[in-house]
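Because the structure is predicted, anything quoted here is derived from the model rather than measured. Letters go in sequence order (proteins before strands), and every chain restarts at 1.
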Amino acid sequence: MADYFKPRGTADILPDAALQWQYVEEMVQKVFATYHYREIRTPIFEHTEVFERGVGDTTDIVQKEMYTFLDRGDRSITLRPEGTAGVVRAFVEQKLYGGPLPAKLYYFGPMFRYETPQAGRTRQFHQYGVEVIGSDDPRVDAEVIELADHFLRAVGVTSTTLELNSVGCPVCRVAHKDALVAHLLPIKDELCEDCQSRIVRNPLRILDCKIDAHHPVVESSPMITDHLCDDCAAHFAAVRNYLDLLEVPYVVNKKLVRGLDYYTKTAFEFVEGSIGAQSTILAGGRYNGLVKSLGGPDVPGIGFAGGIERLLLALAANGVSHEVPDEVEVYVMALSNEAHAMSVNILRDLRVVGVVADADYTGRGLKAQMKTADRLNAKVAVLIGEDEVKSGQLAVRDLSTREQILVAQGDTVAKILNILQS
RNA sequence: GUGGGCGUGGCGAAGUGGCUAACGCACCGGAUUGUGGCUCCGGCAUUCGUGGGUUCGAUCCCCAUCGCUCACCCCA
């Protein structure tokens, strides 16, 4: 029994799984680069105020999920719970608004939220995401969504549904919220406990509450899409039009709400139905007031974030695997101390020319080493025993043909390359 | 924070109130002195998450605790 354990909600990503992560990371870089997004790396922790201001201090994230602590200088520090606030903070602090706009950025990395773990949810999790700051053009909304769609398909997730909505701007959203609350208040006592508190905190959530969504009064609630101002309505129509042009399939979900305070206008989610209750694998939206509220110029923005862990679950659910077997090209077997001296040179020389080579370091017998070479699917074995040490000739064995020849030490690498290429 | 399920060797997985806790995989060793995927033989848990309790006796019963897991909430 181990004496030490990883913290609750964290994961050790072992070598086999790490290969899947590398694949996803490479695809992020490759696909996002073709859309001319450039990577930005911001700190994993920020001053707490960045998230309080950026994410919104009424959200669950800020109220009860942040990893916040005082550092040795009595500064309140928070491990980032999401990526956008930090990127926008950097955009403002580094004055990226002085460069070409919109800034098209992407990021990738760990996030932290103090939550009870479950399928698709951990305390340290990883997201990739993009932020486009400096344009309100609906073509940007469409590009961001199409990028997400393209990326998911490129990595092998084809079973998602794209849900789309507009949550309006501060003007029409407030008007709608007032109308909604006025509509629901008379039946407040009939709602579940959660919804009674949501009615003041986040009334939009009541619309898709699992308990109350089918209440007739709830069902007849005013929808945000019916309360959009002219600008928001035109923008939403334009986004849908571009998505149609791009042939990106979506469904309008009038109940779609975004959790974070900063969202405006476009909101969207890619949902995968077979990975458990946490089925959103990528989500995002527009945040036109965020840059200003973090002290920058009043420029609009839009972005999305996707969860790597959930993406991996979705890949598994889609039966997609990018496993790479644990293999080696050459296995060097040395059977004595003198042989070891020769083997380290052979290994180095092979690796210098790019050949994947390994050896036994536990003093096992030749037979056992042969088994290992076999299991690692080695193409060539190099044997160095007493005879070889004496003669200075190494036995090079082609493991597929079982042909074995003696080669002068200086010619070994060339001979092996010969076999590997045949 | 709340609720359900579970906790036996590296992994998967039987098991019963009581003599040495199945089996499979993996791993290690051996089957003509230094040679491979098959086969055969052998090895590998004084111990059943931890701590108490009940009992003549508990891995199997009770309590507590820790951990894992799924779900609610919320979110990527």
Let me know the distance between CZ of Arg113(A) and C1' of C74(B), rounded to the nearest Å. 9 Å

The side-chain hydrogen bond (donor to acceptor under 3.5 Å, both in side chains) partner of Tyr37(A) among Glu143(A), Gln29(A), Glu131(A) is Glu143(A)

Please list, in numerical order, the residues of residues 357-369 of chain A that have a heavy atom closer than 4.0 Å to any atom of RNA chain B. Arg364(A), Leu366(A), Lys367(A), Ala368(A)

Check: Asp398(A) main-chain N/O paired with Glu403(A) side-chain donor or acceptor under 3.5 Å: no

Counting neighbours of CZ on Arg351(A) that are heavy atoms of other residues, nucleotides or ligands and sit closer than 6.0 Å, is the number greater than 12? yes

G12(B) to C19(B) separation - C1' atoms, rounded to the nearest Å: 29 Å

Among residues 412-422 of chain A, which contact RNA chain B at a heavy-atom distance under 4.0 Å? none

Counting any heavy atom closer than 4.0 Å, what does Gly276(A) reach on the DNA or RNA strands: base, sugar-phosphate only, or nothing? sugar-phosphate

side-chain hydrogen bond (donor to acceptor under 3.5 Å, both in side chains) with Thr280(A): of Glu163(A), Glu269(A), Arg310(A), Glu272(A), only one passes, and it is Glu269(A)

Got a sec? Which of residues 378-404 of chain A come in under 4.0 Å of RNA chain B, heavy atoms? Leu383(A), Gly385(A), Glu386(A), Asp387(A), Glu388(A), Arg397(A), Leu399(A), Arg402(A), Gln404(A)

Suppose you measure atom C1' in C23(B) against the same atom in G15(B); what distance do you get, rounded to whole Å? 11 Å

Give me the distance, rounded to whole Å, that separates G29(B) from C44(B) when you measure between the C1' atoms they each carry. 11 Å

Expressed in whole Å, how much space separates the C1' atoms belonging to A22(B) and A45(B)? 13 Å

Contact list please: residues 52-69 of chain A against RNA chain B, heavy atoms, distance less than 4.0 Å, in numerical order. Asp60(A), Glu65(A)

Please tabulate, one pair per line, each protein N/O and nucleotide N/O from nucleotides 67-69 of chain B that are separated by under 3.5 Å, including the distance.
unit_1 : atom_1 : unit_2  : atom_2 : d
C68(B) : OP2    : Arg8(A) : NH1    : 3.1

Would you confirm whether the ring centroid of Tyr35(A) sits within less than 6.0 angstrom of the ring centroid of Tyr106(A)? no

Report yes if the side chains of Val167(A) and Arg286(A) come closer than 4.5 Å at any heavy-atom pair, otherwise no. no

Quick one, Phe268(A) and Val239(A) - any side-chain contact, counting heavy atoms below 4.5 Å? no

For Ala368(A), does its backbone N or O pair with a side-chain atom of Thr372(A) as donor and acceptor, under 3.5 Å? yes

Rounded to the nearest angstrom, tell me the gap between atom CD in Gln278(A) and atom P in C73(B). 9 Å

Side chains of Pro81(A) and Glu65(A) in contact at under 4.5 Å (non-hydrogen atoms): no

In this structure, how many angstroms lie between the C1' atom of C70(B) and the CG atom of Leu313(A), rounded? 13 Å

Distance check needed: U2(B) C1' versus Glu115(A) CD, whole Å only. 15 Å

If I pick the P atom on C48(B) and the same atom on G42(B), what distance separates them, to the nearest angstrom? 28 Å

Do Arg121(A) and C73(B) share a donor-acceptor pair, side chain to base, under 3.5 Å? yes

Given atom NZ of Lys371(A) and atom C1' of A26(B), what is their separation to the nearest angstrom? 12 Å

Distance between P atoms of U2(B) and G9(B) (Å, rounded): 30 Å

Distance check needed: G36(B) C1' versus Asp374(A) CG, whole Å only. 4 Å

Flag side-chain contact, heavy atom, 4.5 Å: Asp360(A) against Met333(A): no

Other residues, nucleotides, ligands: >12 heavy atoms within 6.0 Å of Arg123(A) CZ: yes

Val87(A) vs Leu105(A) side-chain heavy atoms within contact, under 4.5 Å: yes

Counting N and O atoms only, with roles assigned by atom type, does the side chain of His235(A) sit under 3.5 Å from a partner on the main chain of Asp136(A), one being a donor and the other an acceptor? yes

Take Arg89(A) and Glu93(A) through the test salt bridge (Lys or Arg N to Asp or Glu O under 4.0 Å) and record every step on the way to the result. CA-CA 6 Å; Arg89(A) 190 229 85 227; Glu93(A) 180 175 349; 3.0 Å; yes

Mind checking the P distance from A26(B) to C38(B)? Whole angstroms is fine. 8 Å

Of Leu70(A), Val62(A), Thr78(A), the one forming a side chain to side chain contact (heavy atoms under 4.5 Å, CB included) with Thr48(A) is Thr78(A)

Can you confirm whether more than 12 heavy atoms, excluding those of Phe45(A), are under 6.0 Å from its CZ atom? no

Any side-chain heavy-atom pair from Lys265(A) and Phe236(A) closer than 4.5 angstrom? no

Work out how far the P atom of C27(B) is from that of A64(B), and round it to whole angstrom. 43 Å

Atom CZ of Arg80(A) and atom C1' of A76(B) are separated, to the nearest Å, by 13 Å

Rounded to the Å, how far apart are Met333(A) CE and G36(B) P? 10 Å

For RNA chain B, produce a single dot-bracket line, 5' to 3'. Pairs: Watson-Crick or G-U wobble, both distances under 3.5 Å. Symbols: ( ) within strand, [ ] crossing, | other strand, . unpaired. ((((((((.[[[..)..(....]]].(((((.......))))).....[[[[[..)....]]]]])))))))....

Could you tell me whether Glu269(A) contacts a base, only the sugar-phosphate backbone, or nothing, with contacts defined as non-hydrogen atoms closer than 4.0 Å? nothing

Would you say Lys177(A) and Leu204(A) make side-chain contact, with heavy atoms under 4.5 Å? no

Going by distance alone, is a donor N or O of one side chain under 3.5 Å from an acceptor N or O of the other, for Asp244(A) and Tyr250(A)? yes

Given 3.5 Å as the limit, does a donor-acceptor pair link the side chain of Thr264(A) with the main chain of Asn288(A), or not? yes

